Amino acid sequence: AQTVTQSQPEMSVQEAETVTLSCTYDTSESNYYLFWYKQPPSRQMILVIRQEAYKQQNATENRFSVNFQKAAKSFSLKISDSQLGDTAMYFCAFIGQGGSEKLVFGKGTKLTVNP
Amino acid sequence: DVKVTQSSRYLVKRTGEKVFLECVQDMDHENMFWYRQDPGLGLRLIYFSYDVKMKEKGDIPEGYSVSREKKERFSLILESASTNQTSMYLCASTPARVAGVNEQFFGPGTRLTVL
């Protein structure tokens, strides 16, 4: 069974600085998809960024980028120029290529951006 | 924009009551999901549905049932609520796979308290 591990329950960063959130996963599948979701306080969960395992290039979305290391089964999220609005729970998630629609989530990292 | 709505943001029920949580999506998505979110445990899948009247158990189905009579609506039912079902419940939807995997779109959540 696939598992997703986020080893940092809480992190904090100063506004305008860079922070990296860690995620590791375990799977025997060769192709799969990885996601980072953001859940701001009392607000809806939204997708931040996604990565397809067969694509070697790391995904980037504005200030958000990932460091995808397939061999190490690592998928970290880097947030550059942190903003107060980045304060949220961040969840790493995995889904296999093989047909099941089940998304496997990590336990989450609570990120606080301080002014 | 995809919109996933849930019938209540906050709900307080008594032990033993039958509880209905409703979820509606407006983008004709085939797949719908119910998750439970607890601090330190992340999101855990209760049930999902890939078509009208079709359902599959997730990781923690005990004490819950679901109903999907129409494509846009997916209901979670607590047959006899218990205090250990106090939690945040999130609904999500995603279209059927055509090419690759799609992101899941989440509702705002229902915070259920069982007294």
Side-chain angles (χ1 to χ4, degrees), chain A residues 1-10 21-25 27 29-55 59 61 64 75 88-110, chain B residues 1-6 8-10 23-26 29-51 54-61 68 74 88-111:
Chain A
Q2 292 92 354
T3 57
V4 176
T5 302
Q6 294 179 248
S7 58
Q8 305 147 316
E10 292 194 39
L21 279 58
S22 301
C23 172
T24 58
Y25 58 93
T27 184
E29 296 192 46
S30 59
N31 198 23
Y32 45 86
Y33 297 76
L34 295 159
F35 303 86
W36 278 99
Y37 280 88
K38 170 185 177 181
Q39 186 182 39
S42 301
R43 292 180 61 190
Q44 224 140 326
M45 181 115 58
I46 57 172
L47 179 69
V48 175
I49 200 165
R50 61 182 281 167
Q51 175 82 42
E52 297 171 58
Y54 68 88
K55 290 186 176 179
E61 288 287 342
F64 298 87
F75 182 61
M89 284 291 294
Y90 288 81
F91 293 95
C92 179
F94 169 101
I95 190 167
Q97 174 67 29
S100 171
E101 297 296 340
K102 289 175 64 173
L103 200 53
V104 179
F105 285 88
K107 291 181 172 24
T109 296
K110 183 179 181 181
Chain B
D1 279 353
V2 175
K3 195 164 185 182
V4 180
T5 57
Q6 295 183 229
S8 307
R9 288 300 304 268
Y10 300 94
C23 175
V24 177
Q25 49 92 6
D26 66 356
H29 286 173
E30 285 76 14
N31 302 303
M32 297 187 74
F33 306 82
W34 275 108
Y35 294 93
R36 172 176 171 158
Q37 182 180 7
D38 299 288
L41 297 179
L43 276 74
R44 294 179 291 168
L45 182 65
I46 304 171
Y47 268 98
F48 69 101
S49 168
Y50 50 90
D51 202 351
M54 306 302 288
K55 62 185 179 185
E56 281 199 29
K57 292 181 180 178
D59 300 316
I60 52 164
R68 192 157 179 214
F74 191 36
M88 171 71 87
Y89 291 88
L90 297 179
C91 176
S93 73
T94 190
R97 294 194 197 193
V98 175
V101 166
N102 303 292
E103 69 174 280
Q104 289 190 11
F105 295 88
F106 285 83
T110 295
R111 186 166 294 281

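Excluded from the calculations below are hydrogen atoms, water molecules and symmetry mates; all remaining heavy atoms, backbone and side chain alike, are included. Lettering follows sequence order; numbering is per chain, from 1. These numbers were taken from a predicted model, which means no experiment stands behind them.
For B:Phe33, the part sitting under 4.5 Å from any heavy atom of chain A is the side chain, from C-beta outward, and nothing else. Using a 4.5 Å cut-off between heavy atoms, A:Leu103 contacts chain B through both its backbone and its side chain. Heavy atoms closer than 4.5 Å to chain B are found nowhere in A:Gln6, neither backbone nor side chain. Only the side chain of A:Tyr37 has a heavy atom closer than 4.5 Å to any heavy atom of chain B. For B:Leu43, the parts lying near chain A are the backbone and the side chain together; criterion is any non-hydrogen pair under 4.5 Å. Neither the backbone nor the side chain of B:Glu56 comes within less than 4.5 Å of any heavy atom in chain A. At a 4.5 Å heavy-atom cutoff, B:Arg44 makes no contact with chain A through either its backbone or its side chain.
Ring geometry for A:Phe105 versus A:Phe91: interplanar angle over 60°, hence perpendicular rather than tilted (30 to 60°).
In this structure, CD on B:Gln25 lies 12.5 Å from CD on B:Gln6, to the nearest 0.5 angstrom.
A donor-acceptor pair under 3.5 Å is formed between the side chain of B:Thr110 and the backbone N or O of B:Ser8. Proximity of a side-chain donor or acceptor of A:Glu61 to a complementary backbone N or O of A:Ile49 within less than 3.5 Å is not detected.
Contact tally against chain A (heavy-atom pairs below 4.5 Å) for B:Gly109, B:Ala92, B:Gly40, B:Gly58: the top residue is B:Gly40.
Two residues are said to be in side-chain contact when any heavy atoms from C-beta on lie closer than 4.5 Å; B:Tyr50 and B:Glu30 fail this criterion.
Aromatic rings of A:Tyr25 and A:Tyr32 (six-membered ring for Trp) have centroids within the 6.0 Å cut-off, being under it.
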